[in-house]
Amino acid sequence: MSREQLAVQQARKAFLTGGSKPLEYRIKQLKNLNRFITERATDITNALRKDLYKSENATQMFEIIGLEGEINLAVSNLTEWAAPRPVNKTLLTISDEVFIQPEPLGVVLIIGAWNYPIAVTLQPLVGAIAAGNAAVVKPSEVSSHTAKVMELLSLYLDPEMYQVVTGGVPETQELLKQRFDHIFYTGNSTVGKLVMEAAARHLTPVTLELGGKSPCYIDKNCDIRIACRRITWGKYINCGQTCIAPDYILCESSIQDKVINEIQKCIQEFYTKDPKTFADYGRIINQRHFKRIMALLEGSTVVIGGDSDESECYIAPTVLRDVASGSKVMQEEIFGPILPIITVNGLNEAIQFINEREKPLALYVFSSSSKVIKRMISETSSGALLANDCLVHFTISDLPFGGVGNSGTGRYHGKYSFDQLSHLRSCLIKKLNMEGVNQMRYPPHTTEKLRW
Ligand code: NAD
């Protein structure tokens, strides 16, 4: 039996004992997860520095604070989330008990990605634990140092109920052959299709947290300086390796020079004149991605940055101007510090441009006009829409986080994670009295009964 098979078998055996169901157990495990984050803070920080050159503060801000918030929210609200949810009664159910009872699904497979490896692997685990499931956690092998730290989870969580399996593509593929009750995958859309295919063999439901090209429309009627500050922040954090980073800018040609000028000022302010020697500017995860990103520059005009150092996987914050819609950089999610600007002839053309492509994970619109913002909401589709800011919707637990179409299926964060990894079971409890009322539905189905 392979290591992967054994992990799934052990998790299932543990789940079948019923041990994960009591709320006290779930809360204890969630608190233990919090303890892991606190006690292993140095290990986590060092690993992320090695994997992505993340600074200690960036790790706190973008990986840890949100995760702790999700854990605390689940601990505080679990009793309410897990309680039976009464529904409206009708004349026919007036003396019955009618409610929805959330119940655990069983064994959940969580496959993480490497860009925010702690957050995107452990936030789904919060939902899995809160909902009373067992779980098999597969951290991304690409962020190898962080994956190693996650092996230590077995010292904190119930090691039978929550299994961590490290390894690469073969190990993930072996896991995907096993039967799960839910698969929660974060990563690219190509692998997302393989995950869904494997899940279909067992009729296993999936949550797919994918990526894509998230557009950013800057209306000429807005404070361009402020817009560019927020966009520069959202784009170059983690060296552009953020699933909801603005992938490209759409704007009218009349404001393109101002946009470039403002972004240039922000890059210098945030990362100094020499981002390469600045401690708070990240690196590309590996040489494969470095080469992929550099190749995207082919055929486009670099107006800011463009310099790189393969030995360090360094790519400067880069902006491309007057980018053609058919250019190489517009064919795939960039997932790096390159920001193309495509000029359009106003809002109508921007909306058409967005709608001609796959539905994105996030859509950003910067405008002072509520009419422009409302049109963007009503005439396009995306996982999320933000007006006049970038990324921050990820931190709001009351907003469901997820994609639509090519950017994913399913949603999580806060109570949405709990619901996503629960079965919402319909329950109707009748009494065995008042049998007379039922005569109307029993045969023979006479016309008089219909009229009643
Ligand atoms: P990755 O390469 O780490 O892959 C993710 C997981 O898939 C890994 O655990 C890996 O083992 C597994 N995997 C890779 N190839 C496989 C194969 N052929 N068969 C089976 N399993 C395989 O991460 P990635 O895909 O490079 O991550 C980046 C992508 O993830 C981007 O598209 C980004 O937008 C997206 N992303 C989305 C979110 C979100 O919340 N929606 C968050 C982070 C990243």
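Every number for a ligand or one of its atoms is a count from 1 in the order of the listing. Because only heavy atoms are used, hydrogens play no part in the values below, and waters and symmetry mates are left out as well, while side chains stay in.
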Atoms of ligand 1, numbered as shown, that sit under 4.0 Å from any heavy atom of Leu361: 41 (N)
Test of ring centre spacing under 6.0 Å for Phe394 and Phe401: yes
Set of side chain to side chain donor-acceptor pair (under 3.5 Å) partners for Glu68, sequence neighbours left out: none
Arg288 charged N/C atom sitting above Phe290 aromatic ring, 6.0 Å / 45°: no
Interfacing atoms of ligand 1 (cut-off 4.0 Å, heavy-atom, Val169): 14 (C), 15 (N), 16 (C), 17 (C), 18 (N), 19 (N)
Shortest protein contact, atom 25 (O) of ligand 1 (heavy atom only): Asn188 ND2, 2.6 Å
Part of Ile244 within contact of ligand 1 (heavy atoms, under 4.0 Å): neither
Residue-ligand contact Gly112/ligand 1, heavy atom below 4.0 Å: yes
Exercise: identify the closest heavy-atom pair between Met376 and Leu347: CE-CD1, 4.0 Å
Enumerated ligand 1 atoms positioned under 4.0 Å from heavy atoms of Asn115: 43 (C), 44 (C)
Top protein contact for atom 4 (O) of ligand 1, by heavy-atom distance: Tyr185 OH, 4.3 Å
Closest protein heavy atom (residue, atom, distance) for atom 41 (N) of ligand 1: Leu210 O, 2.7 Å
Mutual orientation of the aromatic rings belonging to Tyr236 and Tyr271 [parallel < 30°, tilted 30-60°, perpendicular > 60°]: perpendicular
Nearest protein heavy atom with distance in Å, relative to atom 22 (C) of ligand 1: Val191 CG1, 3.5 Å
Taking atom 36 (N) of ligand 1 as the reference point, the nearest protein heavy atom with its distance: Cys243 CB, 3.4 Å
Charged tip of Arg283 within 45° of Tyr314 ring normal and under 6.0 Å: no
Contact partition for Ile111 relative to ligand 1, non-hydrogen atoms under 4.0 Å: side chain
Worked check of salt bridge (charged side-chain N to carboxylate O under 4.0 Å, His left out) between Lys213 and Glu333: CA-CA 5 Å; Lys213 292 181 87 63; Glu333 178 181 2; over 6 Å; no
Structural part of Glu141 in contact with ligand 1, heavy atom criterion under 4.0 angstrom: side chain
Distance in Å, Leu208 CG paired with Thr409 OG1, rounded so as to fall on 0.5 Å steps: 6.0 Å
Closest protein heavy atom to atom 40 (O) of ligand 1, given as residue, atom name and distance to 0.1 Å: Phe401 CE2, 3.3 Å
Minimum-distance protein heavy atom relative to atom 35 (C) of ligand 1: Gly187 O, 3.4 Å
Residue Glu209 vicinity, atoms of ligand 1 by number, heavy atom under 4.0 Å: 37 (C), 38 (C), 39 (C), 40 (O), 41 (N)
Per-atom contacts, ligand 1 versus Ser140 - under 4.0 Å to a heavy atom: 1 (P), 3 (O), 9 (O)
Phe335: numbered ligand 1 atoms lying under 4.0 Å from its heavy atoms: 28 (C), 31 (C), 33 (C), 34 (O)
Residues that Lys50 engages under side chain to side chain donor-acceptor pair (under 3.5 Å), provided they are two or more places apart: none
Exercise: identify the closest heavy-atom pair between Val206 and His182: C-NE2, 3.6 Å
Atom 24 (P) of ligand 1: nearest protein contact (heavy atom, Å): Trp114 NE1, 3.6 Å
Ring geometry between Trp114 and His289 (parallel below 30°, tilted from 30 to 60°, perpendicular above 60°): tilted
